[in-house]
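Input: a single structure, listed below in structure tokens.
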Amino acid sequence: MTGPHVVVIGGGISGLATAALLARGGAEVTVLERNAAVGGRASRLVADGFRFDTGPSWFLMSEAFEQFFSLLGRSLDEELDLVDLDTHYRVYFEGPSPDGAGERLDVTADPERNWAAFEAISPGEGAAMRRYAADARRLYGLALDRFLYTTFRSPLRVLDATVLRSSARLPPLLLRSLHDHIARRVRDPRLRQVLGFHAVFLGSSPRRAPALFALMSHLDLGDRVRYPRGGLYAVIEAVERAAVAEGARIRTSAPVEAILTHDGLATGVRLESGEQLDADIVIGATDIHHVETQLLAPRDRTLDEAAWRRRTPGVSALLAFIQADGPLPELSHHTLFFSRDWDGNFAAIASRDIPPHPASIYISRTSATDPDAAPPGKEALVMLVPFPADEALGASEESRARVRAHAERYLAQAGAWAGVPDLPSRARIVELLTPADFANRVHAWRGSALGLEHTLAQSAMFRPRNVSRRLPNLVYAGASTVPGVGLPMCLISAELAIKRILGDTSATATPGDLRPGFLAGARGRGTLARIARGERR
């Protein structure tokens, strides 16, 4: 007896990871990716000897990657060549003049150096930052142990003694904003920015993200910040290798036109070419809004357009890929530029306006760590500016020209603040990614660069569940379902898809090294149980 036939729509990290796990379980898996290469948002651009990651650029939360590879009997350290960054990131705060040099701060791998640096910025607050980081570590551990590896199908399973002991502290962390939580702990606006910028990783702003996400500060203040040689796309390649080794079939340039259904179950998919593939289970590992509003017939939708009007996308981004004459030691591997009008930047984005100048900017200089990222004597830079989720930005030639002009100004700002005033003359923007590109390339709702924004109403059990309410064998993985946005979260979402299929309601990570063919012996109330009872097409 063969295993279930599974079609995975989308070859990003969540689709590839889900395919690897299901193939190990004995399923016959086909991944359908609309683009010419896998990766989704986490793709790669190669041009003139330069290599750029076109999506995520921070490798954080190693535990999620270790957990995934362990399920396949693999080791993270064997799959990726990870380099520890001594300077986790560099910050330039806006100086007295927005056109002049900024104030520099290095956050390093040495916590004691960091507390001293914070104390030098704001006397008396080095200890406050230390306490904040300690609290963040405890929150991170709690989230990892009880909240990130559950589908929330049985919310009470999340509760254990540790959660109950923390119950008095949790409501304020859910009901208070990250901004207010930080403001209660730290006075200096620059240090507040150091603690609050993680909200952008969540597709949100410090005033909208719940205080619970203070846990993110553990990742750069208390944990290791690492870089995989070959770039973040090396992670995609490692997951793709694992999927193929387990027996999954991956087809690129294979856009899906519709999910086929009959009698309340998904029965397969139809490609834009007209080809049809039958399936016992369909995994929607592309943007959920696209699946619900474009791939499903109205009768099969859980979230119609009215439901989406009550939701908010995460922020988008302007990404500029830059070839520069080096060296540029003024820029670290990760460099952040924080404008004084921090709130004004976020307010503009929320109003769907292009951020004003000066803006808060991030630049990734991978050639600082990986010499293969650029030719000798050159630097590979990726500049990211948080942008509103508006698919019209960059959609026309006129709009793209305006966006490019903004990019040139942002680059000049970064050069001035970092003490490299000639950076614009030494650098060439070779390509841009705009909100329109995210909408066109990965079907991102409203051109978001990340997925659904992490607000209280769109986090944890309030996030769209990872299975359709209308079609029990249509299971979701990726950034807009549980547990959330970012490579680690999307990787975890693959494990949660397996839990949903098996009817596993546990709140902890699955024990490692899954038995090959494990689906054959599965019992429970999940999708496989329905198939076994004959509840299929």
Side-chain angles (χ1 to χ4, degrees), residues 1-12 14-23 25-34 151 153 243 248-251 254-305 307-308 443 464-478 480-482 493-504 519 522 524-537:
M1 178 178 176
T2 62
H5 290 252
V6 181
V7 169
V8 179
I9 304 173
S14 61
L16 295 172
T18 307
L21 296 175
L22 285 172
E28 296 185 24
V29 184
T30 301
V31 179
L32 301 173
E33 167 56 44
R34 74 185 299 268
T151 64
R153 177 179 171 182
R249 182 187 181 198
I250 299 172
R251 293 178 56 181
V256 173
E257 182 179 69
I259 295 173
L260 307 176
T261 67
H262 181 69
D263 287 345
L265 288 176
T267 59
V269 302
R270 182 175 64 248
L271 277 63
E272 289 182 3
S273 65
E275 179 186 359
Q276 294 188 13
L277 280 72
D278 293 337
D280 298 302
I281 300 171
V282 175
I283 306 293
T286 187
D287 188 87
I288 290 183
H289 176 267
H290 176 68
V291 175
E292 289 278 351
T293 64
Q294 300 298 316
L295 302 187
L296 289 174
R299 67 178 182 276
D300 296 321
R301 295 171 183 170
T302 300
L303 298 168
D304 58 15
E305 286 292 2
W308 286 100
H443 296 303
R465 50 189 262 164
N466 69 336
V467 65
S468 165
R469 294 185 185 275
R470 300 289 180 88
L471 306 167
N473 63 336
L474 171 58
V475 178
Y476 290 122
S480 290
T481 184
V482 289
S493 80
E495 184 172 334
L496 296 184
I498 307 306
K499 285 190 171 188
R500 180 66 73 168
I501 290 168
L502 297 176
D504 182 351
L519 292 173
R525 300 165 57 193
T527 302
L528 283 178
R530 293 199 62 163
I531 292 174
R533 291 195 298 267
E535 299 176 29
R536 54 188 298 178
R537 56 183 185 272

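Basis for what follows: all heavy atoms, side chains included, without hydrogens, waters or symmetry-related copies.
Here the straight-line distance linking atom OG1 of Thr151 with atom CG of Leu502 works out to 11.0 Å at 0.5 Å rounding. Taking CG from Leu265 and CG from Leu471, the interatomic distance works out to 7.5 Å, rounded to the nearest 0.5 Å. One distance of note links CZ of Arg465 with CZ of Arg153; it measures 8.5 Å at 0.5 Å rounding. One finds the CD atom of Glu292 at 4.5 Å from the CG atom of Leu303 (value rounded to the nearest 0.5 Å). The CG atom of Asp504 lies 10.5 Å from the CD1 atom of Ile498; values are rounded to the nearest 0.5 Å.
Residues Val31 and Ala19 come closest through the heavy atom pair CG2-CB, 3.4 Å. Residues Ala20 and Ala243 share a closest heavy-atom pair of CB-CA, 3.6 Å. Shown here for Gly478 and Ser493, the closest heavy-atom pair between the two residues is N-OG, 2.9 Å. When all heavy atoms of Ala497 and Tyr476 are compared, the pair lying nearest together is CB-O, 4.2 Å.
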Test log, rule side-chain contact (heavy atoms from CB on, under 4.5 Å), inputs His443 and Gln294: CA-CA 10 Å; His443 296 303; Gln294 300 298 316; over 6 Å; no
Step by step, would you call Ile283 with Leu22 a side-chain contact (heavy atoms from CB on, under 4.5 Å)? CA-CA 10 Å; Ile283 306 293; Leu22 285 172; 4.1 Å; yes
Hey, mind stepping through Asn473 and Ile501 against side-chain contact (heavy atoms from CB on, under 4.5 Å) and telling me if it holds? CA-CA 8 Å; Asn473 63 336; Ile501 290 168; over 6 Å; no
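Under the 4.5 Å side-chain criterion, counting only non-hydrogen atoms from C-beta, Ile259 is not in contact with Asp300. Annotation: side chain of Leu474 is not in contact with side chain of Thr261 (no heavy-atom distance under 4.5 Å). Residues Leu277 and Glu275 form a side-chain contact, since some pair of their non-hydrogen atoms from C-beta on lies under 4.5 Å apart.
Among Asn466, Thr293, Thr481, the one residue that satisfies the side chain to side chain contact (heavy atoms under 4.5 Å, CB included) test with Ile288 is Thr481.
By the neighbour-count criterion of 12 heavy atoms within 6.0 Å, atom CZ of Arg251 is densely surrounded, having more than that number from other residues, nucleotides or ligands.
In this structure Glu305 satisfies the side-chain hydrogen bond (donor to acceptor under 3.5 Å, both in side chains) test with no other residue, sequence neighbours excluded. With sequence neighbours excluded, the residues forming a side chain to side chain contact (heavy atoms under 4.5 Å, CB included) with Arg270 are Glu257, Ala258, Leu260, Gln276, listed by chain and number.
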